[in-house]
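To find a chain, count down the sequence lines: A is the first, B the second, and so on, and within it residues start at 1.
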Amino acid sequence: MPATWSESVEKAPTGGGVGATSHASRSTYVPPHLRNRPPSASADPPPSATVSYAGTLAGNESQGQGGPAVGGFQSYGSRNDLSGGGLSRGGGGGGSGWNNRNGGWDRGREREANPFQNGVPEPEFAAQENLGINFDAYEDIPVETSGKDVPPPVNTFAEIDLGDALNMNIKRCKYVKPTPVQRHAIPISLAGRDLMACAQTGSGKTAAFCFPIISGILKSGQSAQRQPRMPRMAFPLALILSPTRELSIQIHEEARKFSYQTGVKVVVAYGGAPINQQLRELERGVDILVATPGRLVDLLERARVSLQNIRYLALDEADRMLDMGFEPQIRRIVQQMDMPPPGVRQTLLFSATFPKEIQRLAADFLSNYIFLAVGRVGSSTELILQRIEYVLETDKRSHLMDLLHAQRANGVQAKQALTLVFVETKKGADSLEHWLCINGFPATSIHGDRTQQEREYALRSFKSGKTPILVATDVAARGLDIPHVAHVINFDLPNDIDDYVHRIGRTGRAGKTGLATAFFNDSNASLAKSLADLMQESNQEVPAWLTRFAARSSFGGGRNRRGQGGGGRFGGRDFRKDSSYNRGGMDMYGGGNSGYNQSGGYGGGYGSAVTSAWD
DNA sequence: AAAAAAT
């Protein structure tokens, strides 16, 4: 272990690795005369209603995206090496298929921008990209599955029949080997099973739910469907909900890479940005809609999106969404609109933790689901060196300055190792940013009072190394996969240990090491116990004073949410295992076997007796 | 107490 924090910053590899997002511009320019192109009379659909693989992809970057030329997609239709039948799904209903009248199959195929090429230039990092992914660290991550008939995990992408087009994109992403969550979740999803997964971003879960969705859409042969009666309403096949705008943007960027040249259309919708452009994108056809809840509700109310064709529903960072008070919106979207019920659609629920509220959501949204828990990437593998320092409120700025100066002296700044500084308040973020700037440290900030434009600009500026210090509120705490963050500084500690875990998870990404420094003082007493426990759990050196703090505050009722759910290295455990769950007389999982025996309409309406057993 | 998210 490195002797000093500055040494470890220096040693921390700065490659972004697996999740590195090249910043794809969301606005693919489409010349006005090609926008909202009416269905061309001569654009007859292909003769066979089969798979939409975009023909041969190898060494074929330009072919097949040469614009909307009529009849330019002969490569469609013939390849059917994936579909094992099952092209139609229940409830497709009449003319909503591939051969529908309005020629929906080639909608939105105008000039697909290459999502692999239009990123922010990152010359400093390009060379080491993906070279230092510590896959051994991934191997150590504990994984736990439970449920009925769990499909076995895979060890390579080659074992999974995702199809040529998707495989090509996996190669383009330089993914060599599936991460633990991918090894388990992909076979589960491909088998059509619902999934409740406890995993954090950084574990590779975006790909874990995107691959099966894209593959499934390709297999079904349905894409970008329209309803002739309602030309302005979009009918996505998959919906991905996430808590923050930036996370939605990021998922969209990744999903676009995965679906490049497959014909599968991914659209993102979120607030704070003009809705008109999003409406135009939707009108051009959408297979996978990535959205924040508020904007989606708006779109549903405007009748610009219908969920009746949804076959895949993925909820990312579900616990976060509930924390943010999105439950009413989410329930409205999932249960009160025209979304197909559980069992008809396939639902994938991702959450870092598995508290009661999420358990309820799982029971309501999922059908006969498989529970998957993946250990914390950072804590269980000790990839993140955590340091807690006792710093009085009044000393924080000068202490931060010391850290940054030492970092700079080590040449770290020159190498553009990015530093993410978390603060408690939006005001605090603004003033700290300003203070850093006037003291010679190029910094920017991201928080909810900044306009969406400013937020996205700040993120770009940070990622590119232009301002290698980003001051952030919790808007950036979860899910954001910012590559090359070498150092996370908790200038203000959060009140919740889960937030702490999320924050430090911004470093040590993709199996690389990182450093997390936190400023602790008396105002953080309530966090002492859980913080000390977490650090011990992840084999970090716990300062003696923190241990004393923890002992002092623990009987004072410091909220230790950890361990409550069976905790340990996992964010949660399958509550269905708890004997108390079966107390209500219905032995749903019994039978004496090791596996669950989920009979009796668990996915549909569970009895009230079961509901009461949760409380 | 603060943050996030639809206008």
Side-chain angles (χ1 to χ4, degrees), chain A residues 201 239-252 267-279 281-282 289-305 307 315-334 336-337 351-352 357 393 396 420-433 445-456 458-459 470-480 490-503 506 519 521-527 557-559:
Chain A
T201 310
L239 174 64
I240 300 171
L241 287 175
S242 91
T244 64
R245 299 165 182 173
E246 280 76 12
L247 187 53
S248 285
I249 293 169
Q250 178 185 298
I251 294 168
H252 174 243
V267 173
V268 65
Y270 54 87
I275 200 167
N276 282 335
Q277 193 188 335
Q278 292 172 10
L279 288 173
E281 287 287 325
L282 289 168
L289 177 59
V290 185
T292 47
R295 179 53 61 93
L296 179 59
V297 167
D298 189 5
L299 291 167
L300 291 166
E301 282 173 352
R302 293 173 187 233
R304 300 300 294 262
V305 170
L307 302 176
L315 295 108
D316 202 8
E317 306 277 355
D319 51 352
R320 183 63 167 176
M321 290 201 275
L322 295 200
D323 285 349
M324 288 167 65
F326 281 155
E327 184 161 4
Q329 285 103 313
I330 290 170
R331 286 197 178 269
R332 201 162 156 219
I333 291 164
V334 176
Q336 287 157 35
M337 306 302 290
S351 180
E357 311 85 69
E393 212 62 45
K396 279 184 174 178
L420 183 51
V421 183
F422 280 106
V423 295
E424 192 64 21
T425 65
K426 297 182 275 199
K427 232 175 96 183
D430 279 335
S431 78
L432 187 59
E433 173 199 2
S445 70
I446 184 166
H447 60 70
D449 272 357
R450 303 200 75 187
T451 67
Q452 191 55 29
Q453 211 175 11
E454 287 170 329
R455 285 162 58 163
E456 286 168 41
L459 214 45
L470 178 68
V471 184
T473 60
D474 262 334
V475 68
R478 296 198 185 201
L480 277 195
N490 273 292
F491 189 89
D492 300 318
L493 273 163
N495 295 312
D496 189 321
I497 190 66
D498 291 323
D499 286 330
Y500 173 81
V501 171
H502 276 283
R503 287 180 178 188
R506 296 316 99 200
F519 297 170
N521 61 41
D522 292 24
S523 68
N524 308 115
S526 65
L527 196 70
R559 46 185 297 199

Winner on side-chain proximity to A:Thr425, out of B:dA2, B:dA5, B:dA1, is B:dA2
query: What about A:Asp323: does its side chain form a donor-acceptor pair under 3.5 Å with the base of B:dA4?
result: no
With the side chain defined as heavy atoms from C-beta on, A:Thr473 is closest, among B:dA4, B:dA5, B:dA1, to B:dA4
* Asked: So, do A:Met337 and A:Glu301 sit near enough that their side-chain heavy atoms are less than 4.5 Å apart?
  -> no
Between CZ of A:Arg295 and C1' of B:dT7 the distance, given in whole Å, is 8 Å
Sequence neighbours excluded, the answer for salt bridge (Lys or Arg N to Asp or Glu O under 4.0 Å) partners of A:Arg455 is A:Glu246
Rounded to whole Å, the NE2-C1' distance (A:His447 to B:dA2) equals 13 Å
How is A:Gln329 classified with respect to the nucleic acid when contacts are heavy atoms under 4.0 Å: base, sugar-phosphate, or nothing? nothing
A:Glu317 atom CD is separated from B:dA3 atom P, nearest whole Å, by 20 Å
A:Thr244 has its side chain closest, among B:dA4, B:dA6, B:dA1, to B:dA4
Check whether any side-chain N or O of A:Lys427 sits under 4.0 Å from OP1 or OP2 of B:dA2, and answer yes or no. no
(Q) Is the phosphate of B:dA4 approached by A:Arg245 (side-chain N or O, under 4.0 Å from OP1 or OP2)? (A) no
Rounded to whole Å, the CD-C1' distance (A:Glu454 to B:dA4) equals 17 Å
Between CG of A:Leu299 and P of B:dA6 the distance, given in whole Å, is 10 Å
| message | Under 4.0 Å, counting only non-hydrogen atoms across every strand here, what does A:Arg455 touch: a base, just sugar-phosphate, or nothing? | response | sugar-phosphate
Those residues at least two apart in sequence (or on a different chain) that pass side-chain contact (heavy atoms from CB on, under 4.5 Å) with A:Ser523 are A:Glu393, A:Asn521
From CE of A:Met324 across to C1' of B:dA4 the rounded distance in Å is 3 Å
**Study point:** Salt-bridge present (A:Glu456, A:Arg450; N to O < 4.0 Å)
**Key:** no
Rounded to whole Å, CD1 of A:Ile275 lies from C1' of B:dT7 at a distance of 9 Å
- Check every strand shown and say whether A:Gly325 touches a base, only sugar-phosphate, or nothing at a heavy-atom separation below 4.0 Å. nothing
Atom CG of A:Leu432 and atom C1' of B:dA2 are separated, to the nearest Å, by 17 Å
Q.
Measuring to OP1 and OP2 of B:dA6, would you say a side-chain N or O of A:Thr292 lies under 4.0 angstrom away?
A. yes
Could you walk me through whether A:Arg331 and A:Gln336 pass the side chain to side chain donor-acceptor pair (under 3.5 Å) check?
CA-CA 7 Å; A:Arg331 286 197 178 269; A:Gln336 287 157 35; over 6 Å; no
